[in-house]
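In what follows, a single structure is set out as structure tokens and then discussed.
Any value given below was found using the heavy atoms of this structure, including those in side chains, with hydrogens, waters and symmetry copies removed. Being a predicted model, the structure only gives us computed values, none of them experimental.
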Amino acid sequence: MQKLNFQKTQNLKALSGMPQMAMTLTGWEVPLTLTKMIQNVNNGFVDFSEKTFNFMGVWQPLKDEQLQFLPENQRSWEWIWIHAKASELNLQTADKVIFNNKRYKVMAVKDYSLNGFIEYQLVRDYEDNPINE
């Protein structure tokens with residue numbers, strides 16, 4: 001019977017004490033492009049700039065699209081889940097990004113960088129004048 005060699009795995013775990021999960025994304029990832037909207041305040045005025053990020057990641061629905069009935073009107077909210085290898089994408093909570101002409105807001109960041117990946121939760125951002133409609 002052949003003896004299995006777990007030395008490589010043990011060496012990776014020894015660096016952080018955590019299992020390295022980044023390789024689990026391999027094969028699921030696709031090339032993605034996000035445009036981050038950056039807000040700057042200059043002399044009391046707000047202006048926006050954009051920065052484009054190309055990365056490999058997993059883009060999937062986080063949960064069912066939900067209809068919310070509000071006093072102002074009803075709205076449908078689209079929630080998205082992004083998984084990316086650590087250091088490929090550096091988003092923060094409340095950042096706004098554009099993907100396929102739709103604007104999203106980062107609602108949550110789970111930093112599993114010790115395990116090799118980061119998870120982001122996005123919601124379709126409210127727009128007075130939607131880009132795609």
Atom NZ in Lys110, atom CD in Gln121: separation rounded to 0.5 Å?
->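 That separation rounds to 5.5 Å.
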Heavy-atom side-chain proximity of Glu78 to Lys102 below 4.5 angstrom | yes
Is the closest side-chain heavy-atom distance between Met37 and Arg103 below 4.5 Å?
-> yes
Grab the two heavy atoms, one from [X] and one from [Y], that are nearest each other, plus how far apart they are.
X: Ile38; Y: Lys51; answer: CD1-CB, 3.8 Å
X: Met107; Y: Val123; answer: CG-CG1, 3.4 Å
X: Leu89; Y: Tyr120; answer: O-OH, 2.6 Å
X: Tyr104; Y: Leu122; answer: CB-CD2, 3.6 Å

Partner set under side-chain contact (heavy atoms from CB on, under 4.5 Å) for [X], not counting sequence neighbours:
X: Asn43; result: none
X: Asp111; result: Ser113, Ile118
X: Phe45; result: none

Side-chain polar contacts of residues 52-62 - donor-acceptor pairs under 3.5 angstrom, sequence neighbours left out - could you list them?
unit_1, atom_1, unit_2, atom_2, d
Asn54, OD1, Thr33, OG1, 2.7

Decide side chain to side chain contact (heavy atoms under 4.5 Å, CB included) for Asp47 and Asn42; before the verdict, give the C-alpha distance in whole Å, the side-chain angles of both, and the deciding distance to 0.1 Å.
-> CA-CA 7 Å; Asp47 63 324; Asn42 293 321; 3.1 Å; yes
Who else is in the cluster with Phe48 when I, L, V, M, F, W and Y are joined by side-chain contacts under 4.5 Å?
-> Val41, Val46
Under the salt bridge (charged side-chain N to carboxylate O under 4.0 Å, His left out) rule, collect the residues that match up with Asp95, sequence neighbours excluded.
->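 Asp95 satisfies salt bridge (charged side-chain N to carboxylate O under 4.0 Å, His left out) with Lys36 only.
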Charged N to carboxylate O below 4.0 Å: is that the case for Lys105 and Asp125?
->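 Here Lys105 does not pair with Asp125 in a salt bridge, since their nearest N and O are not under 4.0 Å apart.
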